[in-house]
Chemist: 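Pasting a structure here, questions to come.
Please read these numbers as outputs of a predicted model, since none were measured by experiment. Heavy-atom basis, side chains included; hydrogens, waters and symmetry copies ignored.
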Amino acid sequence: MGALCFAELGTMITKSGGEYPYLMEAFGPIPAFLFSWASVIVMKPSSFAIICLSFAEYASAPFYPGCEPPEVVIKCLAAAAIMTITVVNCLSVKLASYVQNFFTVAKMIIIIIIIVSGIVLLIQGNTQNFTNSFEGSKITVGGIGLALYNGLWAYDGWNQLNYITEELKNPYRNLPLAIILGIPLVMVCYLLVNIAYYTVMTPTELLQSPAVAVTFGDRVLYPAAWLVPLFVAFSTIGSANGSCFTAGRLTYVAGREGHMLKFLSYISVKRLTPLPAIVSYGIIGMIYIIPADINTLINYFSFAVWLFYGLTICGLVVMRFTKKDMKRPIKVPIVIPILMVLISVYLVLAPIIGEPEWAYLYCVIFILSGLIIYFPFVHYKVKWAQKITKPITMYVQMIMEVVPPE
């Protein structure tokens with residue numbers, strides 16, 4: 001439902017930057033700035049860090065059989081992954097797209113192997129783990145919200161094409177087509193892979209495993225079990241590459257609109273990539289590796305991101321009444337965005353009510369703290385701030401050989 005809403009927004013407002021231009025059009029510059037502020041500093045880099053930490057866990061798991069890899073190894077591998085992906089995206093758009101295509105194929109290969117293995121095991125009668133599988137679960141309003149955060153995290157990416165709308169060939173056709181084909185494919189793969197896992201693991205074993213796919217491979221695919229961590233590492237690298245490719249465009253668009261430091265909107269003369277935006281994204285992503293607790297990062301990320309998903313889709317409903325004359329190549333039934341707004345409100349409020357933590361309050365304070373930056377630097381454009389940023393911009397322009405987008 002969320003992807004259908006974004007298909008309407010993406011074909012109605014054909015600008016890159018994901019939620020940013022939609023919030024700008026629906027509610028004005030302040031919500032758009034707060035989104036770019038939270039996304040560039042927290043949401044997108046933390047997402048990048050989570051994926052690279054996942055890569056590091058799977059890549060190191062075969063070298064530490066029977067125990068968890070040392071934290072320092074995971075952090076170093078994740079940092080190396082962030083650096084490599086950042087360099088690839090800085091060098092060439094075509095190289096980044098080739099890398100994406102290669103790792104997507106690798107991802108589908110391991111998914112098919114796991115699904116087929118699971119089907120064979122089901123046919124052989126391995127169904128004992130599906131009996132009373134929810135026994136002992138605590139069903140609470142907050143608990144369901146937190147559980148959904150982890151499930152929805154696996155699906156996150158349904159709005160990624162909206163970040164590169166300006167670079168798509170024929171977005172009116174290809175944007176909705178990619179959504180219509182991609183989302184159901186992910187649904188089918190995700191559900192079948194999880195069913196396959198439960199044919200050989202109990203819920204307790206699945207929770208205790210540091211790398212679920214590796215455990216599955218060890219039990220089912222031996223002696224070819226080494227293929228699983230290899231291909232899962234490929235899969236996570238592909239996801240991280242896609243995240244870097246799209247998030248760099250948000251930073252670039254926000255810089256172009258004057259909502260971020262101007263040099264972040266500059267383009268490399270030689271490479272034709274938003275070099276400063278991608279480098280800044282990589283640096284901030286490195287910082288988020290330090291906590292190294294993936295579950296904490298996912299909850300922190302999910303709370304913030306669903307706050308803005310809900311606000312953006314609310315903007316779609318608002319624009320149905322305030323901008324009736326805008327061309328809409330795709331128009332979803334109004335009940336879908338309204339339902340999505342209600343779901344977003346639940347996902348934001350349920351964990352706070354059910355299991356309140358200070359982290360959620362800090363997240364809201366951080367988002368609103370963007371106003372301290374917005375009014376002096378963006379709205380009023382105080383002269384002393386421009387004096388500080390001008391030499392930085394000139395230095396970056398000289399070192400990176402970048403120019404303004406115009």
Chemist: Would you say the side-chain atoms of Tyr198 and Asn126 include a donor-acceptor pair closer than 3.5 Å?
Modeler: no
Chemist: Return the CG to CD1 distance between Asn159 and Ile313, rounded to the nearest 0.5 Å.
Modeler: 9.0 Å
Chemist: When you measure from the side chain of Asn241 to the backbone of Ile85, do you find a donor-acceptor pair of N or O atoms at a distance under 3.5 Å?
Modeler: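 Side chain of Asn241 to backbone of Ile85: no pair is present.
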Chemist: Hey, what do you get for CG (Asn194) to SG (Cys189), rounding to the nearest 0.5 Å?
Modeler: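 Asn194 atom CG to Cys189 atom SG measures 11.5 Å (nearest 0.5 Å).
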Chemist: Counting distance only, does the side-chain N/O of Thr236 pair as donor-acceptor with the main-chain N or O of Val232 below 3.5 Å?
Modeler: yes
Chemist: Any luck finding a side-chain donor-acceptor pair between Tyr58 and Ser235 under 3.5 Å?
Modeler: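 Per modelled atom types, Tyr58 and Ser235 side chains form no pair under 3.5 Å.
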Chemist: Any non-hydrogen side-chain atom of Phe234 less than 4.5 Å from a side-chain atom of Ile110?
Modeler: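 The answer is no; the side chains never approach within 4.5 Å.
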Chemist: The test is side-chain contact (heavy atoms from CB on, under 4.5 Å); show your working for Ile183 and Tyr155 and say whether it passes.
Modeler: CA-CA 8 Å; Ile183 301 295; Tyr155 288 105; 5.9 Å; no
Chemist: Do Leu311 and Phe27 touch side chain to side chain, with heavy atoms closer than 4.5 Å?
Modeler: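 A side-chain contact exists here, since the closest heavy-atom pair is under 4.5 Å.
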Chemist: From Phe35 CZ over to Ile367 CD1, what is the distance, rounded to the nearest 0.5 angstrom?
Modeler: 10.5 Å
Chemist: What distance separates Ser265 OG from Glu257 CD, expressed to the nearest 0.5 Å?
Modeler: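 Spacing of OG (Ser265) from CD (Glu257) equals 9.5 Å.
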Chemist: Kindly give the heavy-atom pair with the smallest separation between Cys52 and Ala240, and that separation in Å.
Modeler: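 Smallest heavy-atom distance, with atoms named: SG-CB, 3.9 Å.
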Chemist: Nearest heavy-atom pair of Thr251 and Ala277: which atoms, and what distance?
Modeler: CB-CB, 3.7 Å
Chemist: Would you say the rings of Tyr149 and Trp306 are close, in the sense that their centroids are separated by under 6.0 Å?
Modeler: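 No, they do not, as the ring centres are separated by 6.0 Å or more.
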Chemist: Looking only at non-hydrogen atoms, find the nearest pair between Phe308 and Ala38 and report the distance.
Modeler: CE1-CB, 3.8 Å
Chemist: Tell me the closest heavy-atom pair linking Ile114 and Ala196, and the distance in Å.
Modeler: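 Minimum heavy-atom contact is O-CB, 3.5 Å.
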Chemist: Would you kindly check if the NZ (Lys) or CZ (Arg) of Lys15 is within the cone defined by 45 degrees around the ring axis of Tyr20 and under 6.0 Å from the six-membered ring centre?
Modeler: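 No cation-pi geometry.
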Chemist: Ring centres under 6.0 Å, that's the criterion: do Tyr266 and Phe263 meet it?
Modeler: no
Chemist: Quick check with a 6.0 Å cut-off and a 45 degree axis cone: is Arg219 positioned over the face of Tyr222's six-membered ring?
Modeler: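 That pair does not qualify as a cation-pi contact.
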Chemist: Within the distance-only criterion (no hydrogens, no angle test), does the side chain of Thr14 pair as donor or acceptor with the backbone N or O of Thr11 below 3.5 angstrom?
Modeler: no
Chemist: Any chance you could measure Thr199, atom OG1, to Phe216, atom CZ, to the nearest 0.5 Å?
Modeler: 5.0 Å
Chemist: For residues Tyr288 and Ile41, report the shortest heavy-atom separation together with the two atoms involved.
Modeler: OH-O, 2.8 Å
Chemist: Could you state the interatomic distance from CZ (Phe366) to CG (Leu361), rounded to the nearest 0.5 Å?
Modeler: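 Phe366 CZ to Leu361 CG: 14.0 Å, rounded to 0.5 Å.
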Chemist: Please examine the side chains of Pro69 and Phe63, heavy atoms only from C-beta on, and report whether any two atoms are closer than 4.5 Å.
Modeler: no
Chemist: Check whether Glu205 reaches the backbone of Thr202 with its side chain - one donor and one acceptor, N or O, closer than 3.5 Å.
Modeler: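 Yes, the answer is positive, given that a donor and an acceptor are paired below the 3.5 Å cut-off.
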Chemist: Answer yes or no: are there more than 12 heavy-atom neighbours, outside Met326 itself, under 6.0 Å from its atom CE?
Modeler: yes
Chemist: Between Arg328 and Glu8, is there a side-chain N and carboxylate O pair less than 4.0 Å apart?
Modeler: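 Salt bridge present between Arg328 and Glu8.
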Chemist: Does any part of the side chain of Ile195, heavy atoms only, come nearer than 4.5 Å to the side chain of Leu122, both counted from C-beta?
Modeler: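 Side-chain contact under 4.5 Å: yes.
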Chemist: Before we go on, tell me: are the rings of Phe231 and Trp226 under 6.0 Å apart, centre to centre?
Modeler: no
Chemist: Decide, yes or no, whether a salt bridge links Arg249 with Glu167 under the criterion of side-chain N to carboxylate O below 4.0 Å.
Modeler: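 Answer for the salt bridge query: yes.
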Chemist: Closer than 3.5 angstrom, by distance alone: can the side chain of Gln100 be matched with the main-chain N or O of Gly242 as a donor-acceptor pair?
Modeler: yes
Chemist: Would you find a donor on one side and an acceptor on the other, under 3.5 Å apart, between the side chain of Asn162 and the backbone of Gly17?
Modeler: no
Chemist: Just by modelled atom types, is the Val72 backbone N or O under 3.5 Å from a matching donor or acceptor in the Lys75 side chain?
Modeler: no
Chemist: Using every non-hydrogen atom in the two residues, find where Gly125 and Gln128 come nearest and quote the distance to one decimal.
Modeler: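 Where Gly125 meets Gln128 most closely, the heavy atoms are O-OE1, 4.0 Å.
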Chemist: Answer yes or no: does atom CZ of Phe130 have more than 12 heavy-atom neighbours from other residues, nucleotides or ligands under 6.0 Å?
Modeler: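 For Phe130, atom CZ is crowded (more than 12 foreign heavy atoms under 6.0 Å).
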